[in-house]
Each structure stands twice: as C-alpha cells, then as structure tokens.
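Note sheet for the following structure.
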Amino acid sequence: MRPITSLLNSSPRWRCWAFWIGGGLLLLFAGICGWLYLQLHGSLAQLDGVARLNGLSAPVAVERDALGIPTLRGQTRLDVARATGFIHAQERFFQMDLLRRSAAGELAELFGAAALELDRSHRLHRFRFRAAQTLATLPEQEWALIAAYAAGVNTGLAALSAPPFEYLLLRSTPTPWRSEDTLLAVYAMYLTLQSEQWPRESAVGLLHERLPPALAAFLNPPGTEWDAPLQGQPLPAPPPPGSDVIDVRRQPSPTVSLFSTVAAESETASGSNHWVVAGQLTAHGGALLANDMHLALRLPNIWYRATLIYPDANGRERQVSGVTLPGAPAIVVGSNGKIAWGFTNSEGDWADLVVLEPGTDAASYQTPHGSRPFTRIQETLTVKDGPPQPLDILETIWGPVLDRDHQGRQRALHWIAHQPYAVNLGPLALETADTLESALDAANQAGMPTQNILLAGADGRIAWTIAGPIPRRIGFDGRTPISWADGRSRWSSPLQPDEYPRIVDPPSGRLWTANGRVVDGAWLALLGDGGYALGARAQQIRDGLQGRPQFDEADFLALQLDDRALFLQRWRDLLLATLTPEAISADPGWAEMRTLIADWGGAGGGGFNRLSAGADVSAPGFGTGVCAADRCLSSGRSALRLQSVPAERGRTVATGLSTTAASARPALSRLVGAAARCRRRGASGVDHWRATAGDAHLGRLQPGAHPASIQPDVAVVQRMARCSNPTAARRSAHATGTDAG
C-alpha cells in the first residue's frame with residue numbers, strides 16, 4: 001500500500017481534497033469559536049448606554065464605580081425596585097434561579113436525577129404553594145414592589161442577547177421570574193440558616209432517652225465557660241458523671257449505636273459575627289458597626305452590593321447603601337444615613353418535632369380534638385432527561401410528616417418558616433428608619449429568618465434585638481421531640497414587638513454577637529436553644545472591644561483580621577507538655593508532630609494560634625478578605641440609563657455603549673485572576689478605601705442631576721457601617737465591605 005504522503009505528492013486531486021477538508025475543518029472550528037464567543041459575550045450585562053425598561057415613571061440612572069458596584073438613582077421606590085430587578089437578572093439570574101428552585105424543590109428540572117434527593121427533602125415544605133398564599137395576603141404596597149421587581153428581572157433577562165452561560169452548559173433555557181419567586185428566595189435563606197435545627201433536636205431527644213440524665217446533661221450542656229453573652233454570665237458546666245452513673249471500665253462501649261439513626265451534622269466553616277460601639281467611643285461621635293455574614297463560599301457570592309437613591313413619601317431623598325440578595329428588591333444589610341444595621345444568625349429554637357400518636361386507624365393521628373385523618377398531597381417532581389417522579393406528602397395540623405424516630409413513631413415538623421407571617425417585606429422599613437426605636441420596631445416585625453440585629457445610630461446610640469418572628473411556646477421548652485396530642489404543648493400567636501428582648505444604649509457602649517448565646521433567664525426561655533455556637537469567637541470579640549477606650553475603622557479592621565485561635569491554646573500547651581524528649585525518643589514520628597505543633601502557621605511559637613489557611617472558625621476574622629469575583633470584573637467605570645418606552649417598542653435594546661468602559665470589561669477567562677486580585681486587595685483594605693473615597697463620583701447622566709456618590713470599597717472589612725456625627729456638615733452613616741458570605 002502506498003503511503004498517504006506519496007499519494008499527496010503524486011496526485012493533484014488528493015492535494016485538492018486535503019486543502020478543502022483542512023479548510024473546512026478550520027472554518028468549522030472558527031465557527032464554533034465564534035458562536036461560543038457570541039454566546040458568552042452575549043450573556044454579559046449591559047454596563048453603559050441606554051436600555052428600555054417598561055413601567056418606569058421616570059428614567060433610572062445606574063452608575064458603577066471601578067469595582068462594578070452600582071448606584072441606582074430613581075424618582076420612586078417602585079422604579080428603583082424595577083431597575084434592581086433588571087441589573088440582578090443581567091448579572092445574577094442563574095444564582096436567583098438556583099435559590100428559587102432550591103426552595104421549591106425544583107432543581108432536578110435543571111440537573112436531572114442527581115438532584116432528586118434534595119428536591120424531595122425541600123418539596124416536603126411546599127414553599128411554592130406557601131409563597132403564592134403569602135403573596136396574596138401582602139399589603140398592596142409590598143405586592144406592587146415585588147411585581148415591579150419581577151418585571152424588571154424579566155426585562156433584564158430578555159435584554160441579554162444570550163442567556164447566562166450556565167444554561168448553555170446545562171442545555172437548558174431560563175424560565176421567567178414570577179412574583180412568588182422573590183418569596184422563594186427568602187424561603188431559601190430559611191433552609192440555609194435553620195435546616196439543621198430538627199436533626200439537632202432529634203439527636204438531643206435521642207441522647208436524653210438513651211442515657212442517664214447526668215450523662216446526657218454533661219454531653220449536652222446549656223453553655224460553656226467560653227460564652228460571652230450580652231446579658232448574664234457563662235453558665236456553669238454540668239459536672240462529669242461519676243462511676244455510679246456510668247463506669248466506662250466495666251462498660252467501655254455503652255452507646256456505640258446512640259446516633260445510628262441520626263445523620264451526622266455537617267462540619268461547615270461558617271459563623272457570622274458583628275459588633276457595634278456607641279458614639280462615646282468614637283472620635284466623630286457617631287456609632288460604628290462591623291458585620292461579617294459568613295455563609296458557605298460560592299461563586300458568585302450570595303450578596304450583591306448596591307446603593308439605592310430615591311425620594312421617600314415626604315419627598316426627602318433617601319440613600320441606602322449595603323448588600324442585597326439577588327431575587328429580592330431590598331437592602332439586606334447596610335445604612336440609610338441615620339441608621340446602620342447588620343445581622344448574625346440567632347441560633348434560637350425556631351422549629352419543633354411533634355411526636356404523632358396513632359389515631360383510630362393507620363391513616364389518622366391524635367389531636368387535642370380527637371383522631372384526625374392525614375391530609376394527603378401528591379407533588380410531581382420534574383426530572384431532566386427522565387420521567388416525572390411522584391412525591392406523596394402527609395400533612396398534619398402542625399406541619400408535614402417528616403420521618404419516624406428510633407421507636408418507629410411518626411414525627412411532624414412545626415417550623416416558623418411554615419407560618420403565614422414567616423415572609424414579608426418588613427425589612428424595607430429599615431431603609432427609611434430615622435430613629436433607633438423605629439428601626440427596632442421594623443426589625444421585630446420583619447418576616448425573615450430570625451436573626452440577631454445590631455443597630456448603630458448617627459446620633460451615637462446603639463441597640464440589639466431579634467429581627468424576624470419568634471414563636472410563643474406553651475407547656476414545653478422545645479429542646480426535645482414530644483407529643484402535642486393532649487393540647488398542653490403547643491405554639492400560640494407569635495411574640496409582639498413589645499415582648500421582644502432588647503438591649504438599648506448599654507452603659508459600656510459595646511455590643512457584639514457571634515452565633516452564640518446572647519441572653520439568659522426569661523429572655524433565653526423565649527428564644528430557646530437551636531444550637532448555639534461555641535462562645536469562643538464572641539469572647540474574643542468582646543475582649544478586643546473591652547481592650548480599647550476608643551475606636552475607628554482601622555481598629556475595626558484589625559479586629560476583623562484577628563485570626564488567633566485562642567480556643568486551641570490550652571490544647572497546644574498540653575500537647576507540647578506531653579511531647580517531652582523522653583516521649584519523643586519512644587517514637588521518632590512524635591518529633592515531627594511536636595515540630596508541626598510548635599510551628600503551626602509558620603510563626604514560631606505563636607504560629608499555632610494563626611491558622612493561615614482560614615480553617616479556624618473560632619477566630620473572629622474567619623472568612624474575611626474574600627470578595628466575589630464577579631464584582632471585580634469591571635476595571636473601569638460605567639453608566640447605564642434605564643428608561644421606559646411604549647410596549648410596542650418590543651424588548652430592550654442597547655445603544656450608545658461607552659467604548660472606554662466596554663473595552664475595560666474582562667473576558668470570562670479572567671475570572672480566576674479577578675478573584676485572586678480581590679483576595680490580595682484585602683491586606684490594604686483601609687488604605688484602598690481612603691484612596692478612592694474622594695474620587696468616587698461617576699459624573700452626570702442628565703442635565704441638572706447631582707453626581708452619585710459611590711460607596712467606597714473596603715475589601716476586607718465585611719459590611720462595615722459607620723454613622724457619623726449629625727452635627728458635622730454633610731456626614732452620613734454608611735455601610736462598606738465586600739460581598740463575602
């Protein structure tokens with residue numbers, strides 16, 4: 001057989017075919033690359049020029065600083081909500097889609113059978129049904145705001161020349177945003193922040209059923225010496241039970257199967273913190289607030305920074321800066337110039353497992369009013385590339401049937417998220433709160449996952465309370481699963497604002513929380529214990545606050561970056577004392593262990609206390625110094641004008657793109673590099689903030705408009721908020737920080 005090279009050399013026909021085949025392959029490759037480029041480029045948000053957004057009463061200006069953080073200026077709150085939906089959809093629609101689908105149990109429609117297990121567990125709560133019910137009962141003003149936001153989302157999505165690239169990878173297309181999807185985004189946060197509560201209650205119940213009371217109390221103490229509550233002292237730890245209770249020498253493995261029926265609690269590197277100092281402790285006389293809301297690391301980050309400017313009902317201009325949750329129109333954490341606020345997860349007890357007693361037959365259960373049949377509901381789970389899957393749900397008067405316990409008894413879940421008052425737009429009232437008292441009332445009436453909230457006033461005042469609903473338990477403390485069949489144990493109407501715990505203007509001028517126990521006594525009985533975090537972080541923050549007589553932003557930054565693991569100090573000392581030369585001589589491997597322990601972190605003897613990899617969740621600064629890569633993709637400044645046009649004009653078109661800003665838009669391939677730059681920026685966060693604060697104006701978009709003051713960036717200090725002295729000219733409270741979760 002003649003070699004192919006010989007054929008090519010001897011035959012013009014072969015050379016011609018090779019040319020056309022090679023050229024065709026090159027054209028095909030170029031076509032694929034061009035199509036892929038158009039798809040990816042078409043999925044990028046419009047940053048400049050003019051976009052059409054129907055329903056606006058007047059144009060809305062969207063101006064961005066060098067980091068791409070937008071300021072939206074509109075003539076009404078409805079217009080700003082509509083514009084917020086537009087930019088959320090253009091930059092974060094896939095994230096929003098995952099939030100609503102996760103809450104509704106609809107992920108398998110995108111990801112196939114791999115997501116079925118998660119969908120089954122989430123669909124049990126029927127959050128889409130609850131969202132539709134809640135939406136119908138909202139006040140007209142809140143309903144209109146959500147509807148405007150949803151309309152903006154769908155216009156922003158349609159304005160993209162190609163859907164977000166994630167749908168290309170999934171071979172799918174995005175579905176329009178509905179008004180109830182905004183409520184689903186809030187329900188998704190309930191699942192994120194509270195879904196560990198009933199597994200924990202189940203484990204605690206099993207602990208107390210299987211073990212002697214003294215041993216159960218020792219293993220599940222109400223607190224530790226590390227607690228640093230705002231009210232009260234650390235609770236004494238129960239003493240270790242003696243050999244008369246349990247003798248491990250005689251019975252070395254008495255509880256091997258104790259938690260065999262309970263899923264192991266996931267160990268996640270999370271833990272929020274925040275603190276506030278009063279004006280008496282600052283040079284400017286305004287209160288100073290720092291907030292670090294830690295959630296699982298993800299890309300893009302869960303929070304979206306923005307500044308909203310609009311006139312209130314009295315015609316006074318409002319400027320609210322902070323972070324939003326893509327999927328909802330409100331500022332979650334931030335400042336309005338008079339009040340700044342921040343959150344940490346409260347870890348109170350917001351859910352109960354109800355042990356069901358059998359009714360007159362297998363299809364019923366006992367209630368305070370006698371036997372009652374289960375309500376049977378059939379849901380259908382849509383599965384990509386697979387047949388639909390039915391899901392049968394049993395409902396009780398207390399909530400859905402969740403599982404069976406170790407005795408085979410059915411249990412229902414009674415959860416604050418299932419209640420009609422669980423979700424509303426109450427947090428919007430914080431945007432226009434002028435006084436500490438009005439902000440406290442707004443927080444207590446907010447429909448959101450129940451949080452610790454710290455408030456800082458421009459007048460120097462500070463406060464702590466609980467934001468979100470608090471159940472009223474009657475006849476029990478909620479620590480373990482019990483039967484509610486006789487009616488003596490139940491929930492009544494939720495607490496009213498005047499019943500909420502509040503700490504206002506403490507004499508020390510300092511307040512702090514870090515997911516640990518915050519109060520004691522009657523207030524603790526109201527909040528319950530949903531799994532408080534070890535108090536080591538709170539104690540370290542408290543001690544740092546008490547160690548200084550005055551504070552500024554740089555002092556807060558230093559406290560945020562305090563990564564010492566003081567909780568581990570005693571164990572390090574014990575290990576070093578144990579690994580003596582004599583012990584090391586018995587096993588050469590112990591010499592290496594001692595070296596690693598002594599130099600852990602690379603800082604000599606103190607290195608053990610600086611876990612540079614960020615794995616120490618007991619340090620207050622854990623998780624800081626990371627900002628979302630998508631917020632760093634724009635290296636230049638840009639301005640976009642949103643204006644309404646008649647409906648027949650059709651979908652949004654982009655005109656007049658600024659070549660300067662457009663050319664500064666990096667390609668998607670630089671995503672990782674942008675994230676690395678964000679992380680490196682953390683070391684000089686305060687200097688960066690000071691350097692850009694005086695050059696944060698993006699100019700005028702229309703004649704006579706004042707240039708928007710873009711919020712300066714502090715890349716490490718997470719969502720710091722400063723309230724300045726009201727007597728100083730043109731000072732205002734402001735929130736700064738990163739999008740880190």
Side-chain angles (χ1 to χ4, degrees), residues 45 47-48 59-88 90-92 145 149 152 289 291 301 303-312 316-326 328-342 427-428 430-433 456 458 627-628 630-632 634 637-642 688-689 692-702 705-715 717-724 730-739:
L47 301 183
D48 309 271
V60 175
V62 181
E63 306 168 349
R64 299 175 188 265
D65 67 4
L67 293 177
I69 301 166
T71 289
L72 291 79
R73 183 187 294 271
Q75 295 303 308
T76 68
R77 186 64 181 86
L78 279 176
D79 285 351
V80 171
R82 196 178 297 268
T84 302
F86 183 95
I87 63 172
H88 276 174
Q90 293 230 316
E91 296 186 52
R92 296 290 193 90
L145 202 70
Y149 176 83
L289 168 70
N291 187 200
N301 209 298
W303 307 117
Y304 183 99
R305 295 170 61 188
T307 293
L308 311 180
I309 303 175
Y310 58 90
D312 61 16
R316 187 177 66 177
E317 183 177 87
R318 293 285 182 175
Q319 177 169 326
V320 191
S321 299
V323 297
T324 64
L325 174 69
I331 293 288
V332 177
V333 160
S335 168
N336 65 15
K338 296 289 186 179
I339 299 293
W341 66 97
L428 275 173
L430 290 168
E431 294 184 3
T432 55
C627 66
D630 69 314
R631 300 270 28 90
C632 297
S634 178
R637 294 169 176 169
S638 63
L640 173 68
R641 179 186 174 97
L642 298 172
H688 179 73
W689 173 74
T692 60
D695 186 32
H697 300 292
L698 297 184
R700 294 177 172 86
L701 284 185
Q702 47 190 332
H706 292 290
S709 181
I710 300 303
Q711 206 57 45
D713 176 278
V714 182
V717 184
Q718 310 278 351
R719 285 162 296 285
M720 289 181 73
R722 170 185 169 185
C723 289
S724 300
R730 301 186 62 82
R731 287 184 176 178
S732 64
H734 59 272
T736 59
T738 74
D739 286 354

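Just so you know, these numbers come straight off a predicted model, no measurement behind them. In what follows, residues are counted from 1 in the order of the sequence shown.
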Short question: side chain of [X], backbone of [Y] - any donor-acceptor pair under 3.5 Å?
X: Arg318; Y: Gly337; value: no
X: Arg92; Y: Asn301; value: yes
X: Trp303; Y: Val332; value: no
X: Tyr304; Y: His88; value: no

Considering all heavy atoms of both residues, which atom of [X] and which atom of [Y] are nearest to each other, and what is their separation?
X: Ala83; Y: Leu642; value: CB-CD1, 3.6 Å
X: Ile339; Y: Ala433; value: CG1-O, 3.5 Å
X: Thr76; Y: Pro311; value: N-CD, 4.2 Å
X: Pro329; Y: Leu145; value: CG-CD2, 4.3 Å

*Under the salt bridge (Lys or Arg N to Asp or Glu O under 4.0 Å) criterion, do Glu91 and Arg305 qualify, and how do the steps go?*
CA-CA 12 Å; Glu91 296 186 52; Arg305 295 170 61 188; over 6 Å; no
*Quick one: list whatever passes salt bridge (Lys or Arg N to Asp or Glu O under 4.0 Å) with Arg77, sequence neighbours left out.*
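Here the qualifying residues are Glu431.
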*Nearest-0.5 Å distance that lies between atom CG in Leu430 and atom CG in Leu428*: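 One finds 8.5 Å between CG of Leu430 and CG of Leu428.
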*Value rounded to 0.5 Å, distance of OG1 in Thr324 from CD1 in Ile87*: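 Nearest 0.5 Å value for the OG1-CD1 distance: 7.0 Å.
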*Report the C-alpha distance between Tyr310 and Leu72 in whole Å, list the side-chain angles of each, state the deciding distance to 0.1 Å, and finish with yes or no for side chain to side chain contact (heavy atoms under 4.5 Å, CB included).*
CA-CA 8 Å; Tyr310 58 90; Leu72 291 79; over 6 Å; no
*Going through the distances and angles, do Ile69 and Arg64 end up as a side chain to side chain contact (heavy atoms under 4.5 Å, CB included)?*
CA-CA 5 Å; Ile69 301 166; Arg64 299 175 188 265; over 6 Å; no
*After noting the C-alpha distance and the side-chain angles of Arg73 and Val60, does the key distance pass the side chain to side chain contact (heavy atoms under 4.5 Å, CB included) rule?*
CA-CA 6 Å; Arg73 183 187 294 271; Val60 175; 5.8 Å; no
*Begin from the C-alpha positions of Val62 and Thr71 and carry the test side chain to side chain contact (heavy atoms under 4.5 Å, CB included) through to its verdict.*
CA-CA 6 Å; Val62 181; Thr71 289; over 6 Å; no
*Gln319 and its side-chain contact (heavy atoms from CB on, under 4.5 Å) partner, picked from Asn336, Thr307, Leu308*: Thr307
*asked:* Using the side-chain hydrogen bond (donor to acceptor under 3.5 Å, both in side chains) criterion, which residues pair with Thr432? Sequence neighbours excluded.
replied: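 Scan of Thr432 (side-chain hydrogen bond (donor to acceptor under 3.5 Å, both in side chains), adjacent residues dropped) gives none.
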